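Let me begin by presenting the structure, written as structure tokens, before commenting on it.
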Amino acid sequence: MAHSFAHGNHSHTQGKVRNGNGRGERDRARRTLSQNFLVDPHAVRRMAAAAGSHGLLLEPGAGTGALTLALAESCARVVAYEIDPRHAGRLAARTRGDDGIEVIRGDFLTARAPREPFAVAGNIPYSITSRIVDWCLRAPGLTSATLLTQLEYARKRSGDFGRWSRLTVLSWPGHSWELAGRVGRMSFRPVPAVDSAILRIEPRGVRLLPAGRDAAWREFVEYGFTGLGGSLHASLRMRYAAHRVDAAFAEARVDRDTVVAFVHPDRWLTLFELLR
């Protein structure tokens with residue numbers, strides 16, 4: 001069975017949402033999907049501006065369509081994915097006269113990446129953020145992904161804490177990560193427990209490593225993040241000659257006691273080139 005989600009920062013669910021009448025049924029459906037809709041017009045405009053103009057843009061979880069309509073103002077074509085039949089139907093009816101918007105009742109995660117260049121933008125579910133990010137990182141035609149995520153997630157991935165996650169380092173040769181702004185929890189209804197942030201992921205025009213070195217890079221980074229020895233320097237000295245590691249850290253200008261997560265991805269690249 002395909003996984004499914006509706007618009008907003010909400011839990012990942014399986015199965016169908018039954019159509020029903022009355023406020024009680026609507027409330028039950030909302031709780032089942034844990035829907036948190038972006039209702040602040042200013043935040044909607046900020047998201048659309050951060051996403052930019054594109055010939056083709058895919059929106060995961062369009063929901064009520066507030067962001068969909070804003071994205072369509074600057075994009076030639078928006079393909080909006082929505083699993084909730086009520087919201088998908090209403091959005092389709094609302095945009096029936098707009099040839100630039102296509103509404104698909106379905107799961108974005110099962111969609112095939114278009115053959116033409118495309119962007120992704122959306123207010124995505126917290127619980128499947130990693131899966132949507134992975135989908136974007138694997139898509140060969142992606143030009144950018146602008147995702148409204150949990151604030152902590154965006155800070156962790158972008159290095160805003162002053163440290164970098166394993167995923168960020170692994171993907172660094174091909175993608176850049178940027179925290180493009182914060183969105184307070186009061187911009188959503190119902191109000192979630194935490195604030196959100198706009199996370200931008202962009203494929204690099206020129207990769208920082210040739211594609212042929214991807215496997216070696218992955219093995220190098222994953223070994224470095226094992227934490228053996230307590231620091232990256234200590235870990236690498238367990239694999240490479242001590243004098244080579246010492247020289248590489250000196251040339252990369254990385255303190256030997258630096259904890260692995262606090263080593264900037266660019267310094268990782270320098271160390272890899274010097275030690276590989």
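Being a predicted model, the structure only gives us computed values, none of them experimental.
Put simply, the residue from Leu58, Val79, Thr143 that forms a side-chain contact (heavy atoms from CB on, under 4.5 Å) with Phe118 is Leu58.
Phe37 and His87 get closest at one heavy-atom pair: CZ-NE2, 3.4 Å. Among all heavy-atom pairs drawn from Ser196 and Tyr126, the shortest one is OG-OH, 2.8 Å. For the pair Gly227 and Ser235, the tightest heavy-atom approach, listed with the atom from each and the gap, is C-OG, 3.9 Å. Between Leu142 and Cys136, the closest heavy-atom pair is CD2-O, 3.3 Å. Taking every heavy atom of both residues into account, Ser144 and Ala51 meet most closely at OG-O, 4.4 Å. The minimum heavy-atom distance between Ala43 and Val183, with the atom names listed, is CB-CG1, 4.0 Å.
In this structure, the side chains of Thr149 and Val133 stay at 4.5 Å or more apart for every pair of heavy atoms. Between Pro60 and Val120 the shortest side-chain heavy-atom distance falls below 4.5 Å. The shortest side-chain heavy-atom distance between Leu179 and Arg155 falls under the 4.5 Å cut-off. Contact of the Ile128 side chain with the Leu109 side chain is registered, since non-hydrogen atoms from C-beta on lie closer than 4.5 Å.
Separation of atoms CZ (Arg77) and CG (Asp98) is listed at 12.0 Å; rounding is to 0.5 Å. If you take CG on Leu170 and OG on Ser165, they are separated by 8.5 Å, rounding to the nearest 0.5 Å. The CG atom of Leu91 sits 7.0 Å away from the CD1 atom of Ile101 when rounded to the nearest 0.5 Å. Once rounded to the nearest 0.5 Å, the distance linking CG of Leu269 with CG of Leu208 reads 5.5 Å. Distance check: Phe220 CZ to Leu236 CG gives 5.0 Å after rounding to the nearest 0.5 Å. Atom CG of Asp134 and atom CD1 of Ile132 lie 10.5 Å apart (nearest 0.5 Å).
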Side chain to side chain contact (heavy atoms under 4.5 Å, CB included) between Ser187 and Val39, intermediate numbers included | CA-CA 6 Å; Ser187 294; Val39 298; 5.9 Å; no
Test side chain to side chain contact (heavy atoms under 4.5 Å, CB included) on Asp214 and Arg207 and set out the steps.
-> CA-CA 11 Å; Asp214 283 350; Arg207 286 178 55 87; 2.6 Å; yes
Criterion side chain to side chain contact (heavy atoms under 4.5 Å, CB included) on Phe188 and Val191, from CA distance to verdict = CA-CA 5 Å; Phe188 303 88; Val191 179; 5.9 Å; no
Determine, step by step, whether Thr129 and Gln150 satisfy the side chain to side chain contact (heavy atoms under 4.5 Å, CB included) criterion, reporting the C-alpha distance in whole Å, the side-chain angles of both residues, the deciding distance to 0.1 Å, and the verdict.
-> CA-CA 9 Å; Thr129 296; Gln150 188 175 8; over 6 Å; no
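For the 3.5 Å distance criterion, the side chains of Glu59 and Thr68 qualify, holding a donor opposite an acceptor. Under the 3.5 Å distance criterion, with hydrogens and angles disregarded, no donor-acceptor pair is assigned to the side chains of Thr168 and Arg157. A donor-acceptor contact closer than 3.5 angstrom links the side chains of Asp246 and His233.
At distances below 3.5 Å, not a single donor-acceptor pair connects side-chain atoms of Asn36 with backbone N or O atoms of Arg189. Judged by distance alone, with hydrogens and angles left aside, the side-chain atoms of Ser53 form a donor-acceptor pair with the main-chain N or O of Ser74 at under 3.5 Å. Side-chain N or O atoms of Ser158 include one that pairs as donor or acceptor with a backbone N or O of Ala154 at under 3.5 Å. Under a 3.5 Å cut-off, the side chain of Arg185 and the backbone N or O of Pro192 do form a donor-acceptor pair.
In the hydrophobic clustering of this structure, Val263 groups with Met238; members are Ile, Leu, Val, Met, Phe, Trp, Tyr whose side-chain heavy atoms approach within less than 4.5 Å, directly or through other members. Both Leu275 and Val169 are assigned to one and the same hydrophobic cluster, defined by single-linkage of ILVMFWY side chains at heavy-atom distances under 4.5 Å. Hydrophobic clustering keeps Leu232 apart from Leu274 (ILVMFWY residues linked when any side-chain heavy atoms are closer than 4.5 Å, directly or through intermediates). The hydrophobic cluster containing Ile201 also contains Leu209, counting ILVMFWY residues as joined when their side-chain heavy atoms lie under 4.5 angstrom apart, directly or transitively. Linking ILVMFWY residues whenever their side-chain heavy atoms come closer than 4.5 Å, directly or via other members, places Leu199 and Trp135 in the same cluster.
Remark: Arg218 engages Glu222 in a salt bridge, criterion side-chain N to carboxylate O under 4.0 Å. Salt bridge status for Arg90 with Glu82: absent, with no side-chain N to carboxylate O gap under 4.0 Å. Ion pairing of Asp266 with Arg253 is absent here, as no side-chain N (NZ or NE/NH1/NH2) approaches a carboxylate O to less than 4.0 Å. Using a 4.0 Å cut-off between charged nitrogen and carboxylate oxygen, Arg182 and Asp160 count as a salt-bridge pair.
In this structure, Arg244 places its CZ atom where more than 12 heavy-atom neighbours from other residues, nucleotides or ligands lie under 6.0 Å away. Residue Glu251 places its CD atom among 12 or fewer non-hydrogen atoms of other residues, nucleotides or ligands, all under 6.0 Å distant.
The list of salt bridge (charged side-chain N to carboxylate O under 4.0 Å, His left out) pairs with a residue in residues 190-206, not counting sequence neighbours, reads Arg200-Glu202. Residues in residues 155-181 take part in these ring-ring contact (aromatic ring centres under 6.0 Å, His included) pairs, two or more places apart or across chains: Trp164-His264, Trp172-His264.
Applying the ring pair (Phe, Tyr, Trp, His ring centres under 6.0 Å) criterion to Tyr240, with sequence neighbours excluded, gives no partner residue.
Ring planes of Phe272 and Trp217: perpendicular class, angle over 60° (limits at 30 and 60°).
Arg239 forms a cation-pi arrangement with Tyr223, by the criterion of a distance under 6.0 Å to the ring centre and an angle within 45° of the ring axis.
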